[in-house]
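Below, chains carry the letters A, B, ... as their sequence lines are ordered, and counting in each starts from 1.
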Amino acid sequence: MKFHSLRGMQDIFQDDSKRWRALRSILQTVLDQYGIGEVQNPILENLNLFVRTVGDASDIVNKELYSFEDRNGEHIALRPEGTAGFIRSVIEKKIEHESQKAFYVGPMFRYERPQKGRFRQFHQLGVEYIGFPEGDADIEIISIISDLLEGLKISKKAVININHLGTNDVKQEYCRALKEFLLDYKDSLSEIDQKRLDSNPLRILDSKDESAKDILALSDLPQYQDFLANQHLDLLDSLIASFGSKNAIKINHKLVRGLDYYTGLVFEVVSNELGAQDSFIGGGRYDNLISELGGRPQSAIGFAVGLDRVLNLFEPVYSYKKKVIFINLTGSDRHHAYNIASKIREASKNIIVESILTDASLKSQLRKANKLGGDFALIIGDGEMTNKKFIWKDLNESSQEFVTLEEIIGKIHQL
RNA sequence: GCGGGCGUAGCUCAGUAGGUUAGAGCGCUGGAUUGUGGCUCCGGAGGUCGUGGGUUCGAAACCCAUCGUUCGCCCCA
């Protein structure tokens with residue numbers, strides 16, 4: 001009987017993990033600069049939380065949720081995104097009236113068919129601002145995104161699309177107008193788009209179907225911008241003015257988001273280097289969500305970064321620590337030699353002291369030292385232990401000398 | 001949930017008009033003067049040919065199913 005990892009779930013090993021840490025560290029640095037603190041919410045939540053927030057029309061809830069009944073008969077789901085759980089926790093703590101700037105990172109789960117940039121267990125970093133009405137916060141949110149792109153050095157690979165969905169009333173109104181218009185062309189629409197006409201007409205705006213594109217190009221198609229108030233259009237313009245010099249940012253009135261709870265500003269960052277799943281940051285304002293979940297009415301805006309996708313875009317730069325490979329050749333009481341290694345580690349946290357941990361031949365241990373990328377080898381045999389002088393070998397220079405522990409520590413401090 | 005490609009050693013891949021013990025390179029591992037790496041040389045380990053059925057005297061190869069993977073659709077970060 002053989003086990004393998006579940007479909008769409010990956011084991012992330014050493015070198016890949018290193019990439020992840022480098023990514024995390026860059027993102028963290030930017031978030032720290034904005035004074036955004038971390039929140040950790042559970043991965044499991046009540047099933048209905050997601051039905052209520054994400055929307056019962058969306059595929060995420062309809063067919064992509066990992067859900068089950070626990071031993072107590074409660075309906076549980078693995079989180080498909082992070083906003084719902086975070087908002088739930090804020091309301092539960094009764095702090096929704098206080099402003100919050102928070103981020104979270106972690107795995108999310110959707111039962112989808114895996115493909116490039118899409119896994120069943122994937123990772124998101126989310127940022128949520130609560131208690132900041134439309135205006136300054138919207139600008140700061142885009143500013144964070146701009147800084148993230150810059151920190152990752154991927155600004156040139158990315159396009160930020162922005163749109164405004166207006167108030168909930170405007171959203172509904174436009175939705176109705178669009179639906180009414182499209183009904184005349186229903187027969188020309190693809191099967192999928194015809195279904196969307198009922199479930200979520202706005203989604204047809206970014207349909208990839210050719211006939212839908214033709215219809216959407218018609219001059220009498222209701223235009224979102226015609227429904228929007230001037231102040232909303234002005235917000236979009238000011239975002240272009242603020243970030244246009246550093247980023248490719250453009251207004252796209254056909255941009256709608258899949259999650260029901262968005263109102264107001266919405267945005268999405270895409271890259272043409274990612275294949276079909278080209279969007280790696282997405283978010284927007286969701287001023288109605290908190291009250292819908294039973295909290296006091298409070299404005300909110302946030303976004304999520306698809307970390308698995310970002311990982312395909314950025315080139316990590318690793319910090320480098322010198323590495324000493326510890327080779328123990330002593331025959332008896334081998335632990336005495338390992339004490340030397342411990343003393344070196346105590347003397348400096350900026351150096352790696354890695355043990356080979358075998359009694360194989362010196363030749364094979366040195367080969368190993370080379371493969372491990374060691375800068376130095378510390379070789380200790382019985383004779384060295386007796387004399388308290390150890391072999392310190394510079395693997396790059398191919399030179400070596402006998403030195404005491406104190407001399408080794410002195411050398412390390414000079415590195 | 002739908003469609004296409006792929007699945008032979010840890011990795012990248014050879015191997016088919018079906019035919020004896022399935023190969024290469026890299027990697028791993030041991031050795032080439034006693035306790036000295038990288039280059040070189042010699043040796044070794046490692047594969048139920050994704051899995052399960054079927055066709056056949058005979059299947060890695062042909063057929064079916066299944067699982068996985070990959071690229072799209074859909075969905076979305």
Using a cutoff of under 3.5 Å, can you pull out all pairs of nitrogen or oxygen atoms linking the protein to nucleotides 38-44 of chain B, with atom names and distances?
unit_1 : atom_1 : unit_2   : atom_2 : d
B/rG38 : O4'    : A/Asn370 : ND2    : 2.7
B/rG38 : O6     : A/Ser398 : OG     : 2.1
B/rG38 : N1     : A/Ser398 : OG     : 3.1
B/rG38 : N2     : A/Leu395 : O      : 3.4

Q.
Show me the pairs that pass side chain to side chain donor-acceptor pair (under 3.5 Å) and involve residues 14-27 of chain A, at least two apart or across chains.
A. none
(Q) Counting only heavy atoms and a strict 4.0 angstrom limit, can you tell me which residues of residues 14-43 of chain A come near RNA chain B? (A) none
**Q.** Whole-Å distance separating the CG atom of A/Leu372 from the C1' atom of B/rU36
**A.** 16 Å
Q) Between A/Glu354 and A/Lys323, does at least one N-O distance fall below 4.0 Å, as a salt bridge requires? A) yes
**Q.** Length of the NZ-P vector between A/Lys116 and B/rG72, whole Å
**A.** 7 Å
Q.
Could you check whether A/Arg79 makes a cation-pi contact with A/Phe109, meaning its NZ or CZ is under 6.0 Å from the centre of the six-membered ring and within 45° of the ring axis?
A. no
(Q) Say we look at B/rG31 and B/rC71: how far apart would their C1' atoms be, to the nearest angstrom? (A) 47 Å
(Q) Which label fits A/His164 and A/His232: parallel for a plane angle under 30°, tilted from 30 to 60°, or perpendicular past 60°? (A) parallel
Q. How would you label the contact of A/Lys371 with the nucleic acid (heavy atoms, under 4.0 Å): base, sugar-phosphate, or nothing?
A. sugar-phosphate
Q.
Taking only side-chain N and O atoms of A/Arg7, does any of them lie within less than 4.0 angstrom of OP1 or OP2 on B/rU69?
A. yes
(Q) Please report the distance, rounded to the nearest Å, between CZ in A/Arg113 and C1' in B/rG68. (A) 11 Å
Q) Between B/rG23 and B/rA14, how far is it from one C1' atom to the other, in whole Å? A) 7 Å
Q) Atom CZ of A/Phe119 to atom C1' of B/rU70: distance rounded to whole Å? A) 11 Å
Q.
Over all strands shown, is A/Arg257 touching base, sugar-phosphate only, or nothing at heavy-atom distances under 4.0 angstrom?
A. sugar-phosphate
**Q.** 5' priority, RNA chain B, between A/Gly117 and A/Ala276 [closest heavy atom]
**A.** A/Ala276
(Q) Please report the distance, rounded to the nearest Å, between CD in A/Gln115 and P in B/rG1. (A) 15 Å
Q) Taking the C1' atom of each, how far is B/rG27 from B/rG44, in whole Å? A) 14 Å
Q) Is A/Gly374 touching bases, backbone alone, or none of the nucleic acid, heavy atoms closer than 4.0 Å? A) nothing
(Q) With the criterion set at under 5.5 Å between ring centres and under 30 degrees between planes, would B/rA77 be stacked on A/Phe280? (A) no
Q.
Applying side chain to side chain donor-acceptor pair (under 3.5 Å) as the test, list every pair that has at least one member in residues 177-191 of chain A; sequence neighbours left out.
A. A/Ser190-A/Asp193
Q) Can you tell me how far C1' of B/rC75 sits from CG of A/Leu274, to the nearest Å? A) 16 Å
**Q.** Within residues 352-365 of chain A: residues closer than 4.0 Å to RNA chain B (heavy atoms)
**A.** A/Ser361, A/Leu362, A/Lys363, A/Ser364
Q) Think A/Lys368 has a side-chain N or O under 4.0 angstrom from the OP1 or OP2 of B/rC28? A) no
(Q) Closest-nucleotide mapping onto RNA chain B: is A/Lys208 or A/Leu6 further toward the 5' terminus? I mean the 5' end. (A) A/Leu6
Q) Considering only side-chain heavy atoms of A/Leu366, which listed nucleotide, B/rA77, B/rG37, B/rC67, is closest? A) B/rG37
Q) Across the strands shown, which category fits A/Gln10 at heavy-atom distances under 4.0 angstrom: base, sugar-phosphate, nothing? A) nothing
Q. For A/Ile379, which contact category applies under a 4.0 Å heavy-atom criterion: base, sugar-phosphate, or nothing?
A. base
Q. To the nearest Å, how far apart are A/Lys63 NZ and B/rC74 P?
A. 11 Å
Q. When all nucleic acid strands are considered with a 4.0 Å heavy-atom cut-off, which category describes A/Ala304: base, sugar-phosphate, or nothing?
A. sugar-phosphate
Q) B/rC73 C1' sits how many Å from A/Lys213 NZ, rounded? A) 13 Å
Q: Return one dot-bracket line describing RNA chain B 5' to 3' (Watson-Crick or G-U wobble pairs, both distances under 3.5 Å; ( ) same strand, [ ] crossing, | another strand, . none).
A: (((((((..((((.....[...)))).(((((.......))))).....(((((..]....))))))))))))....
